[in-house]
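Here is the structure we will look at, set down as structure tokens.
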There are 2 protein chains.
Amino acid sequence: MLTTQKEQLREKDKAVRFKRTPQRLAILEFLKDNTSHPSAEEIYRTVGKKYESMSFATVYNTLHALTRAGALRELTIDPERKRYDPNTSRHHHLICLTCGKIFDVPDDIRVDLPKAMQGDFIVVGNHVEFYAHCPLCGKKRKAS
Amino acid sequence: MLTTQKEQLREKDKAVRFKRTPQRLAILEFLKDNTSHPSAEEIYRTVGKKYESMSFATVYNTLHALTRAGALRELTIDPERKRYDPNTSRHHHLICLTCGKIFDVPDDIRVDLPKAMQGDFIVVGNHVEFYAHCPLCGKKRKAS
DNA sequence: ATAAATGCAAAGCATTTGCAGTAAA
DNA sequence: TTTACTGCAAATGCTTTGCATTTAT
């Protein structure tokens, strides 16, 4: 979502050929139907263990390529690191303030820029972040 | 918004006394009524130039102290760095995908968790991010 | 063949930390 | 005078980059 015009052009050029390497296929398979919103480090650790050794550079390379291709969404909701979401259809997120887990929130929500701003800005997308306590952590809180 | 329970406790302890040092007052003054959503680096550069020399550690120390005290909000909308917002009343943000500027969006928006999730999660807050092109950058785009 | 991806290690930024000296309270 | 803050520099953590080698096409 946060690319300059120049970067978008550059990325378009590079998107010409996408090689299906074993590393990329392994990452792709790990990400498929994955709703855990993993970080690069989690992907590196999990995929590297399950399939074959792989460098961090390759993980990032793949994540960037997939993001460019629109097959992946980079989330900024976690201030510590980027998280990746293979679900690119419109939806929102909830982060548990206790355990840090990120949950999907379906896009039942109609969000519009206030009318006063609508004439001035060309809105491309939006994203709602909910800060909350998840069922498990909420229960633990009550107990203490 | 993103602190663990343990961190919250630790921060509460430290919040006991807040010394009014010249550095902190200078940062506070710079931040007052500032709607530019500056990064730590921008604060360091601007305040350091205008008033007196100051270390990066002090900037972060102050930002953390103010955030803890609830006088400042840390924004995660910019994936590259944290941004700080002295306006702690409920509102949302819009980031220009071309120039990166962040704009305030008044809280005319009612955002609720879908009913299906409301029973399970204890929602503490929410934040809407709009991705857009600002008036200036939108005009430039049309021209090209 | 050739263009792109890999792996490694080094570099780059943003942010944090340890600690001795300094200054609010 | 006590306790917190400052400044410095080193350390950390996430992400990027350069480059020689390998591999998909």
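A, B, ... follow the sequence lines: proteins, then strands. Residue 1 opens every chain. Only heavy atoms go into these numbers, but all of them, side chains included; no hydrogens, no water, no symmetry mates.
Under the 3.5 Å distance criterion, the side-chain polar atoms of B:T58 are left unmatched by any main-chain donor or acceptor of B:M54.
The phosphate of D:dT23 (OP1 or OP2) has no side-chain N or O of A:Q23 nearer than 4.0 angstrom. One finds a side-chain N or O of B:T58 lying less than 4.0 angstrom from the OP1 or OP2 phosphate oxygen of D:dG7.
Note: A:H64 and A:Y60 have tilted aromatic rings, judged against thresholds of 30 and 60 degrees for the angle between ring planes.
If you measure from atom CZ of A:R24 to atom P of C:dA4, you get 11 Å, rounded to the nearest angstrom. Here D:dC5 presents its P atom at 11 Å from CG of B:L66, a figure rounded to the nearest Å. Here the C1' atom of nucleotide C:dA9 and the OH atom of A:Y44 are 12 Å apart, to the nearest Å. Between the CG atom of A:L25 and the C1' atom of D:dT25 there is a distance of 14 Å, rounded to whole Å. When the C1' atom of D:dT23 is taken as reference, atom CE of A:M54 falls 16 Å away, rounded to whole Å. Here the C1' atom of nucleotide D:dT16 and the CZ atom of A:R68 are 13 Å apart, to the nearest Å.
Look at B:D85 and B:R83 and you find no salt bridge, because none of the NZ, NE, NH1 or NH2 atoms lies under 4.0 Å from a carboxylate O.
Annotation: the span from A:I77 atom CD1 to A:I95 atom CD1 amounts to 5.0 Å, rounded to 0.5 Å.
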For this session: Take nucleotides 13-25 of chain C nucleotide by nucleotide from the 5' end and write B, S or -, depending on whether a protein heavy atom sits under 4.0 Å from the base, only from the sugar-phosphate, or from neither.
Result: -SBBB-----BBS
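Grouped by direct or indirect side-chain proximity (heavy atoms under 4.5 Å, Ile/Leu/Val/Met/Phe/Trp/Tyr only), B:L94 sits with A:L94, A:F103, A:V105, A:I109, A:V111, A:L113, A:M117, A:F121, A:V123, A:V128, A:F130, B:F103, B:V105, B:I109, B:V111, B:L113, B:M117, B:F121, B:V123, B:V128, B:F130.
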Problem set entry | Step-by-step side-chain hydrogen bond (donor to acceptor under 3.5 Å, both in side chains) determination, B:H37 to B:D104 | CA-CA 9 Å; B:H37 310 88; B:D104 287 322; 2.8 Å; yes
